[in-house]
Peer 1: 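Dumping the structure here so I can ask a few things about it.
Every value quoted in this text rests on a predicted model; they were computed, and no experiment measured them. In the text below, chain A, chain B and the rest are named by the order of the sequence lines, each starting its count at 1.
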Number of protein chains: 2
Amino acid sequence: MDSEELRNAGLKVTTPRLKILTLLENSAERHMTAETIYRLLVEGGEVIGLATVYRALAQFEAAGLITRHHFDSGQTVYELERGPHHDHIVCIRCGRVEEFYDKVIEERQREIAASLGFTLSDHALTLYGQCNSADCPGRNG
Amino acid sequence: MDSEELRNAGLKVTTPRLKILTLLENSAERHMTAETIYRLLVEGGEVIGLATVYRALAQFEAAGLITRHHFDSGQTVYELERGPHHDHIVCIRCGRVEEFYDKVIEERQREIAASLGFTLSDHALTLYGQCNSADCPGRNG
DNA sequence: GCCTAAACGATAATGATTCTCAATATAGAT
DNA sequence: ATCTATATTGAGAATCATTATCGTTTAGGC
């Protein structure tokens with residue numbers, strides 16, 4: 001249950017936090033901006049403040065419940081952490097986001113960091129391209 | 001000469017554009033925010049507007065003269081394009097940026113994109129870690 | 001159930017970026 | 001070299017995303 005997750009993260013169990021966490025868990029779209037999360041909740045009839053959404057997301061991130069990404073669009077998007085680490089590929093036409101994990105790349109990163117005298121703690125890898133989804137507007141353009 | 005670069009990029013040769021381009025070419029720091037570029041020019045006695053800096057940077061990027069990066073700090077930094085493609089590793093303590101190129105990673109990216117049905121057009125890879133520079137404040141902390 | 005610190009919602013404040021507009025400078029034609 | 005149409009400029013207003021403030025409300029240990 002969501003209450004457990006919040007307690008385990010050392011956060012008080014409050015109504016707004018539960019609403020946000022539940023939305024993140026139930027949304028088909030896994031990568032959302034703070035504004036989008038806020039809008040979806042308000043449209044769903046909830047009473048919540050935008051500042052509360054930002055605060056909760058910052059806390060969730062600090063607790064490791066969610067991850068923050070900066071894709072090239074410049075917008076900050078949040079993603080619920082579930083399962084193991086992965087990177088992203090974003091369609092430059094329709095914005096669709098897919099996830100992938102590649103052991104070779106992960107290992108090379110560690111080797112490169114070491115060779116440059118860095119202790120690797122994190123990385124951000126995003127590929128950009130055009131997808132072949134039937135819904136992608138750029139497919140036949 | 002810088003005027004040539006601008007002309008080749010299809011841009012009019014104007015004083016502000018030359019100032020910005022020259023600064024980018026002569027700065028030791030290769031990754032700067034728009035605000036930093038503006039501040040350096042003003043401190044150097046130039047009369048220029050911040051809006052002009054943003055406009056010029058956007059045009060330079062469209063023309064392929066510079067590249068825009070979004071590191072995890074959230075800030076947008078600009079880098080003059082010179083030489084071949086490379087990725088970045090950023091020190092999470094002192095902010096130092098190093099560049100690297102890895103053929104294995106580049107190839108894997110293309111394979112991954114293809115396997116997911118994407119035509120790869122670009123990518124952003126940034127590693128984060130702690131560096132061992134003598135100047136890095138986190139070195140002995 | 002009560003109490004205190006933490007969290008809330010609304011809104012003001014901030015920081016980054018873009019837009020507006022009147023004045024100016026460029027590039028090509030004369 | 002000068003003229004002219006058009007693109008560009010600088011200053012500041014406007015916008016957008018995010019954070020801070022503040023009076024009120026709520027969670028959770030007693």
Side-chain angles (χ1 to χ4, degrees), chain A residues 1-23 31-63 65-78, chain B residues 1-23 31-63 65-78:
Chain A
M1 185 185 254
D2 292 350
S3 309
E4 280 309 310
E5 287 187 60
L6 290 175
R7 257 188 290 272
N8 292 343
L11 297 171
K12 273 192 184 177
V13 178
T14 70
T15 317
R17 286 176 187 161
L18 285 172
K19 286 176 189 166
I20 295 168
L21 199 49
T22 302
L23 177 72
H31 306 85
M32 289 188 281
T33 65
E35 191 69 39
T36 300
I37 293 166
Y38 170 70
R39 185 173 44 72
L40 287 175
L41 288 172
V42 169
E43 284 174 1
E46 307 289 0
V47 175
I48 193 170
L50 179 55
T52 303
V53 173
Y54 275 103
R55 271 185 299 237
L57 290 172
Q59 292 155 340
F60 291 178
E61 191 199 7
L65 292 177
I66 65 176
T67 308
R68 176 202 298 243
H69 304 290
H70 292 96
F71 295 150
D72 272 5
S73 65
Q75 289 182 107
T76 303
V77 299
Y78 299 85
Chain B
M1 185 185 254
D2 293 349
S3 308
E4 280 311 311
E5 287 187 61
L6 290 175
R7 257 189 291 272
N8 292 341
L11 297 172
K12 275 192 183 177
V13 178
T14 71
T15 317
R17 285 176 188 162
L18 284 172
K19 287 176 188 167
I20 294 168
L21 199 50
T22 303
L23 177 72
H31 305 85
M32 290 187 282
T33 65
E35 193 68 39
T36 300
I37 294 166
Y38 170 71
R39 187 172 44 71
L40 289 175
L41 288 173
V42 170
E43 285 174 0
E46 307 289 0
V47 174
I48 194 171
L50 180 55
T52 303
V53 173
Y54 275 103
R55 272 187 297 237
L57 290 172
Q59 292 156 340
F60 291 178
E61 191 199 6
L65 293 177
I66 65 176
T67 308
R68 177 201 297 242
H69 303 290
H70 293 97
F71 295 150
D72 272 5
S73 64
Q75 290 182 107
T76 303
V77 299
Y78 298 86

Peer 1: Can you list the residues that meet the salt bridge (charged side-chain N to carboxylate O under 4.0 Å, His left out) rule with A/Glu35, with sequence neighbours excluded?
Peer 2: none

Peer 1: What distance separates B/Leu40 CG from B/Leu23 CG, expressed to the nearest 0.5 Å?
Peer 2: 5.5 Å

Peer 1: Taking only nitrogen or oxygen atoms into account, show me every contact under 3.5 Å that the protein makes with nucleotides 14-17 of chain C, one pair per line with its distance.
Peer 2:
unit_1 : atom_1 : unit_2  : atom_2 : d
C/dT17 : OP1    : B/Thr76 : OG1    : 3.2
C/dT17 : OP2    : B/Tyr54 : OH     : 2.3
C/dT17 : O5'    : B/Tyr54 : OH     : 3.3

Peer 1: How would you list, by chain and number, every residue that makes a side-chain contact (heavy atoms from CB on, under 4.5 Å) with A/Ala63, sequence neighbours excluded?
Peer 2: A/Ala9, A/Leu65

Peer 1: Take the protein atom CG of A/Leu18 and the nucleotide atom C1' of C/dC8, then report the distance between them rounded to whole Å.
Peer 2: 14 Å

Peer 1: Mind checking what makes side-chain contact (heavy atoms from CB on, under 4.5 Å) contact with A/Thr15, not counting sequence neighbours?
Peer 2: A/Lys19

Peer 1: Applying side-chain contact (heavy atoms from CB on, under 4.5 Å), name anything that partners A/Thr52, two or more places apart in sequence or on another chain.
Peer 2: A/Pro16, A/Ile48, A/Arg55

Peer 1: Quickly work out the B/Phe60 CZ to D/dT8 P distance and round it to whole Å.
Peer 2: 11 Å

Peer 1: Rounded off to whole Å, could you give me the CD1-to-C1' distance for the A/Ile48 and C/dA7 pair?
Peer 2: 12 Å

Peer 1: Just by protein heavy atoms under 4.0 Å, how would nucleotides 20-30 of chain D read 5' to 3' in B, S and -?
Peer 2: BB-----BS--

Peer 1: Would you tabulate the pairs of protein nitrogen or oxygen atoms and nucleotide nitrogen or oxygen atoms of nucleotides 28-30 of chain C closer than 3.5 angstrom?
Peer 2:
none

Peer 1: NZ of A/Lys19 versus C1' of C/dA7: gap in Å, rounded?
Peer 2: 13 Å

Peer 1: Atom OG1 of A/Thr36 and atom CD of A/Gln75: how far apart are they, to the nearest 0.5 Å?
Peer 2: 7.0 Å

Peer 1: When the C1' atoms of the five terminal pairs at each end define the local axes, what inter-axis angle does the helix from C/dG1-D/dC30 to C/dT30-D/dA1 show, to 10 degrees?
Peer 2: 30°

Peer 1: How long is the straight-line distance from OH of A/Tyr38 back to CD of A/Glu43, given to the nearest 0.5 Å?
Peer 2: 10.5 Å

Peer 1: Could you pull out all residues at least two apart from A/Thr67 that satisfy side-chain hydrogen bond (donor to acceptor under 3.5 Å, both in side chains)?
Peer 2: A/Glu81

Peer 1: Nearest whole angstrom, please: distance from the C1' of C/dC8 to the CD of A/Glu46.
Peer 2: 14 Å

Peer 1: Which whole-number value in Å describes the distance from A/Leu57 CG to C/dA7 P?
Peer 2: 15 Å

Peer 1: Look up atom OH in A/Tyr54 and atom CD1 in A/Ile37, then write down how far apart they are to the nearest 0.5 Å.
Peer 2: 9.5 Å

Peer 1: Can you sort out the partners of B/Thr22 under side-chain contact (heavy atoms from CB on, under 4.5 Å), two or more places apart, ordered by chain and number?
Peer 2: B/Asp2, B/Asn26

Peer 1: Quick one: list whatever passes salt bridge (charged side-chain N to carboxylate O under 4.0 Å, His left out) with A/Glu61, sequence neighbours left out.
Peer 2: A/Arg68

Peer 1: Which pair of non-hydrogen atoms, one from B/Val13 and one from B/Ser3, has the smallest distance, and what is that distance?
Peer 2: CG2-O, 3.7 Å

Peer 1: List the residues meeting side-chain hydrogen bond (donor to acceptor under 3.5 Å, both in side chains) with B/His70, not counting sequence neighbours, and say none if there are none.
Peer 2: B/Thr76

